Protein chains: 2
Amino acid sequence: MTTLAQPLIQDKRPRGRPRKTLDERDDGNRRHQLLQCAARLFRRKGFGATTTRDIAAAVGMHSGSPFYHFKSKNDLLYAVMEEGMRSALERQDKAMQANATGRADEPMMQIRLLMRAHFDVLLGPGNDFIPVMLYESRALNARQRSALAALQSEYEAAWVPVLEALHASGRLQTPAALARLLILGALNWSVQWFDRKKAASLEDLTDAAMTLFFAEPA
Amino acid sequence: MTTLAQPLIQDKRPRGRPRKTLDERDDGNRRHQLLQCAARLFRRKGFGATTTRDIAAAVGMHSGSPFYHFKSKNDLLYAVMEEGMRSALERQDKAMQANATGRADEPMMQIRLLMRAHFDVLLGPGNDFIPVMLYESRALNARQRSALAALQSEYEAAWVPVLEALHASGRLQTPAALARLLILGALNWSVQWFDRKKAASLEDLTDAAMTLFFAEPA
DNA sequence: CCTACCGATCGGTAGG
DNA sequence: CCTACCGATCGGTAGG
């Protein structure tokens with residue numbers, strides 16, 4: 001029973017799965033499908049327990065094909081995290097710009113917008129990218145890790161002046177740096193328990209967090 | 001080059017590693033060493049990326065020997081988490097009993113003791129068990145998951161009446177259930193950034209958290 | 001707990 | 001992006 005003794009077609013290809021429909025035929029579309037499916041699987045099963053075959057099957061490819069788009073499984077993981085951070089930064093920027101016409105200089109308003117945007121990033125529909133980033137960073141190599149850290153610093157940089165203003169005004173008694181770690185932690189943990197079907201809205205969640213940290217929803 | 005063509009001793013055994021020193025020879029001691037090393041490796045590399053061979057080598061066993069102590073790699077993971085929860089419950093109980101002679105009925109004192117004990121559980125030296133539990137629960141099967149959930153509920157049960165008392169007195173404006181999730185999240189996240197070599201003491205950390213949530217260290 | 005091993009699977013690749 | 005495949009590794013086991 002050597003491998004040479006199997007000249008006929010092996011039934012290893014995923015059958016019955018529609019491929020090459022109109023909206024899939026495009027260019028980098030397949031790459032993004034891989035990212036999306038990888039994110040979902042990495043989140044549900046963990047990076048180590050997800051095989052590249054799982055991911056290939058999820059988008060209707062054969063087992064070797066993901067490596068046409070990504071050099072390695074590890075590169076795919078990093079791409080998921082990078083994509084997550086880029087869209088998080090975009091959403092955060094948008095939230096702060098929308099505020100520019102309103103009470104832009106009120107720290108309580110700003111911190112609320114930051115928290116609300118962060119809940120969006122963490123819990124918005126189809127957002128598996130950031131949860132993967134939060135729980136699978138160990139699997140990155142040194143170069144990937146520092147590249148990701150730069151994006152994370154950029155993201156958290158928006159929080160710093162706001163928290164410092166709140167601290168200076170006495171509204172926040174904890175030092176800004178420590179407060180940022182504790183507050184972001186409280187929010188990040190919500191990916192573990194928040195249930196979009198049962199729990200309150202993200203707006204309610206933001207109210208609750210504002211009240212907990214600043215004694216009023218602002 | 002079949003496997004039968006290698007009659008001589010294969011150099012696959014870990015050499016130069018001291019085995020059977022005096023304090024290792026005992027009974028269930030080896031089992032606990034496996035737990036300890038597994039916890040450290042699971043935390044550093046993740047469950048999926050840790051091999052049973054890694055663990056065996058870390059305690060000076062050969063590759064098949066961990067399975068004498070644990071039925072499967074998965075059982076080993078669960079044992080790590082269970083051990084973590086049992087010691088966490090023990091530490092929490094001890095903290096609350098020590099308080100019984102003091103201002104036992106003051107919620108602000110009680111929540112402080114709970115938070116301080118929790119930081120011990122999360123960040124105390126050699127405590128890799130709970131961090132593993134926090135980040136690798138996905139790998140558990142349904143039965144293991146529900147068994148662990150029971151222990152976690154028991155642990156969190158101590159927080160409920162305290163937070164409810166604080167809410168009733170107006171000291172905590174967020175509903176108790178939501179406050180518990182947010183506060184435990186803020187604390188749990190500290191395993192990601194706390195550095196025993198650089199950061200403040202656990203006592204200082206507790207002060208900061210108390211101030212953030214309740215506007216005074218109590 | 002070691003010896004010696006296996007079946008299965010996995011990440012990855014050459015060539016088209 | 002598929003075909004066809006490989007080398008390496010991994011969890012696990014029988015027998016002692």
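If you're wondering where the values come from, they're calculated on a predicted model, not measured in any experiment. Note on naming: letters A, B, ... go to the chains in the order of the sequence lines (proteins, then strands), and numbering restarts at 1 for each one.
Contact between the side-chain N/O atoms of A:Ser65 and the OP1/OP2 oxygens of D:dC2 is found at a separation under 4.0 Å. Look at A:Thr52 and you'll find a side-chain N or O under 4.0 angstrom from OP1 or OP2 of C:dG11.
B:Leu77 has its CG atom 17 Å from the C1' atom of D:dC10, to the nearest Å. One can place CZ of B:Arg53 at 13 Å from P of D:dT13, the figure rounded to the nearest angstrom. Rounded to whole angstrom, the span from the CZ atom of B:Phe67 across to the C1' atom of D:dG12 amounts to 5 Å. When the P atom of D:dG16 is taken as reference, atom NE2 of B:His62 falls 20 Å away, rounded to whole Å. Distance NZ (B:Lys45) to P (D:dT9): 12 Å, rounded to an integer number of Å. Atom-to-atom, NZ of B:Lys71 to P of D:dT13 comes out at 9 Å; the value is rounded to the nearest Å. D:dG11 atom P lies 15 Å from atom CZ of B:Phe70, rounded to whole Å. The distance from atom CG of B:Asp75 to atom P of D:dT13 is 11 Å, rounded to the nearest whole Å.
Ring geometry for A:Trp159 versus A:His118: interplanar angle over 60°, hence perpendicular rather than tilted (30 to 60°).
Side-chain atoms of B:Gln192 and B:Tyr135 include a donor-acceptor pair closer than 3.5 Å. For the residue pair B:Gln144 / B:Asn74, a side-chain donor-acceptor distance below 3.5 Å is found, with atom types taken as modelled.
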Return one dot-bracket line describing DNA chain C 5' to 3' (Watson-Crick or G-U wobble pairs, both distances under 3.5 Å; ( ) same strand, [ ] crossing, | another strand, . none).
||||||||||||||||

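Expressed to the nearest 0.5 Å, how far CZ of A:Arg138 lies from CZ of A:Arg145 amounts to 10.0 Å.
Under the 4.0 Å criterion applied to side-chain N and carboxylate O atoms, A:Arg86 and A:Glu90 are not assigned as salt-bridge partners.
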What do the steps show when you test B:Glu136 against B:Arg43 for side-chain contact (heavy atoms from CB on, under 4.5 Å), and what is the final call?
CA-CA 9 Å; B:Glu136 300 291 350; B:Arg43 180 180 190 178; over 6 Å; no

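Residue whose closest nucleotide on DNA chain C sits further toward the 5' end, between B:Ser63 and B:Leu34: B:Leu34.
In this structure, B:Thr51 reaches the sugar-phosphate backbone alone: every heavy-atom distance under 4.0 Å involves primed, P, OP1 or OP2 atoms, never a base.
In this structure, A:Asp207 and A:Arg112 have side chains that are in contact, with non-hydrogen atoms separated by less than 4.5 Å.
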